[in-house]
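Note sheet for the following structure.
All of these numbers come straight from a predicted model, not from anything done at the bench. Along the sequence shown, the residues carry numbers beginning at 1.
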Amino acid sequence: MFDLLIPTLVLLALMAISLIIRHERISAMGFKQPKSWLGMAGLAFITAILMQLFDIGVVMPVMNRVTGETIDYRGFASLQGDMGQLLTILVFSWTLAAVGEELAYRGFVMRTLGRLLGEGKTGVVLAIFVSSLLFGLAHTEQGLVGVVVTTIDAVVFSWLKRRFDGNLWAPILAHGFYNSVGVITFYSTGPIYGLW
């Protein structure tokens, strides 16, 4: 699990250095006051549920058949029925994953790529694609299926950020809800590798 954190921690360190050099505050990464916290949280929650359903109903089953593999959940092998581990993972899901990864990938990487590639349609699409692919590749411990799932999820998180005018809180909330639903389901039922 520590291997998963290394890319995020490196990106967060680079982001901190960039902010210091540019004399910017962390709010420059996209932390804004939304028009409605409830509206944003509601859409983030619905999006997270739909993402989970799409992942287990479409992406995972297709990838399972194409690759002959399933997503690698070994990092969560002892989670089922272990309340202490569930609570620990939920804390990490909301801190290091939701806040840390979104700040690193949708905040720093997407912003940096946007500056390099431009704010035109092509630049935006490339920034989303590259940052999403990097996010997926940071999850290689879950195997090829996990990389594909997280890359697709990252595209949705990027869309949410754009949907809320660059507000990083939207993908943070969706990411936190997504992970929470996933780990609570795993705790309750064990791993799900797809619906068919």
Study note, to complete from the structure: What one should report as the nearest heavy-atom pair of Val183 and Ser93 is CG1-OG, 4.5 Å

Point to revise | Exercise: identify the closest heavy-atom pair between Ala48 and Ala174 | key: CB-O, 3.6 Å

Point to revise | Heavy-atom closest pair, residues Ala44 and Leu173 | key: CB-CB, 3.7 Å

Study note, to complete from the structure: Tracing side-chain contacts under 4.5 Å among Ile, Leu, Val, Met, Phe, Trp and Tyr outward from Val124 reaches Met110, Ile128, Val155

Review point. Any side-chain heavy-atom pair from Val147 and Leu137 closer than 4.5 angstrom?
Key: yes

Revision key, fill the gap. The complete set of side-chain hydrogen bond (donor to acceptor under 3.5 Å, both in side chains) pairs with one or both residues in residues 38-57, sequence neighbours excluded, reads Asp55-Tyr178

Review point. Among the clusters formed by ILVMFWY side chains lying less than 4.5 Å apart, do Ile192 and Val58 turn up in the same one?
Key: yes

**Study point:** Donor + acceptor pair across side chains of Ser78, Gln85 (<3.5 Å)
**Key:** yes

Study note, to complete from the structure: Across all chains, not counting sequence neighbours, the salt bridge (charged side-chain N to carboxylate O under 4.0 Å, His left out) partners of Arg25 are none

**Study point:** Shortest non-hydrogen contact from Thr151 toward Gly136
**Key:** OG1-CA, 3.2 Å

Review point. Between NZ of Lys35 and CG of Asn167, what distance do you get to the nearest 0.5 Å?
Key: 11.0 Å

**Study point:** Ile184 vs Leu86 side-chain heavy atoms within contact, under 4.5 Å
**Key:** yes

Review point. Is there a path of hydrophobic side-chain contacts, each under 4.5 Å between heavy atoms of I, L, V, M, F, W or Y residues, that connects Leu12 with Ile26?
Key: yes

Exercise for review: For Phe164 and Ala170, work out which heavy atoms get closest and say how close.
Suggested key: CD1-CB, 3.5 Å

Exercise for review: Find out if a path of hydrophobic residues (ILVMFWY) with successive side-chain heavy-atom gaps under 4.5 Å connects Met40 to Leu50.
Suggested key: no

Review point. Same cluster for Val125 and Leu113 if Ile/Leu/Val/Met/Phe/Trp/Tyr side chains link at under 4.5 Å?
Key: no

Review point. Closest heavy-atom contact between Leu168 and Glu102?
Key: CD1-O, 3.5 Å

**Study point:** salt bridge (Lys or Arg N to Asp or Glu O under 4.0 Å) contacts touching residues 110-134 (sequence neighbours left out)
**Key:** Glu24-Arg111, Glu24-Arg115

Review point. Any ring pair (Phe, Tyr, Trp, His ring centres under 6.0 Å) pairs touching residues 22-45, not counting sequence neighbours?
Key: Phe31-Trp169, Trp37-Trp169, Phe45-Phe177

Check your understanding: Would Ile20 end up clustered with Leu14 when hydrophobic side chains under 4.5 Å apart are linked, directly or stepwise?
Key -> no

Exercise for review: Just jot down the side chain to side chain contact (heavy atoms under 4.5 Å, CB included) partners of Val148, sequence neighbours excluded, or say none.
Suggested key: Val59, Met63, Leu144, Ile152

Exercise for review: With sequence neighbours excluded, tell me which residues meet side chain to side chain contact (heavy atoms under 4.5 Å, CB included) with Ala98.
Suggested key: Trp94, Ile172, His175

Check your understanding: Do Leu103 and Phe108 have side chains that get closer than 4.5 Å, going by heavy atoms?
Key -> no

Review point. Are the side chains of Leu96 and Thr8 in touch, meaning some heavy atoms are under 4.5 Å apart?
Key: no

Revision key, fill the gap. Rounded to the nearest 0.5 Å, the CG atom of Leu11 sits from the OG atom of Ser18 at a distance of 11.5 Å

Review point. Can you list every salt bridge (Lys or Arg N to Asp or Glu O under 4.0 Å) pair that touches residues 159-177, not counting sequence neighbours?
Key: Lys32-Asp165

Check your understanding: Atom CD1 in Ile46, atom CE in Met51: separation rounded to 0.5 Å?
Key -> 14.0 Å

**Study point:** Heavy-atom side-chain proximity of Ser158 to Pro171 below 4.5 angstrom
**Key:** no

Review point. What residues, two or more places apart in sequence or in another chain, satisfy side-chain hydrogen bond (donor to acceptor under 3.5 Å, both in side chains) together with Ser36?
Key: none

Exercise for review: Output every pair passing salt bridge (Lys or Arg N to Asp or Glu O under 4.0 Å) with a member in residues 59-88, not counting sequence neighbours, ordered by first then second residue.
Suggested key: Asp72-Arg74

Review point. Does Tyr73 have any side chain to side chain contact (heavy atoms under 4.5 Å, CB included) partners at least two apart in sequence or in another chain, and if so, which?
Key: Met60, Ile71, Phe76, Phe186, Pro191, Tyr193

Point to revise | Euclidean distance, Ile56 CD1 relative to Leu195 CG, rounded to 0.5 Å | key: 4.0 Å

**Study point:** side chain to side chain contact (heavy atoms under 4.5 Å, CB included) partners of Leu134, counting only residues at least two apart
**Key:** Tyr105, Val109, Val130

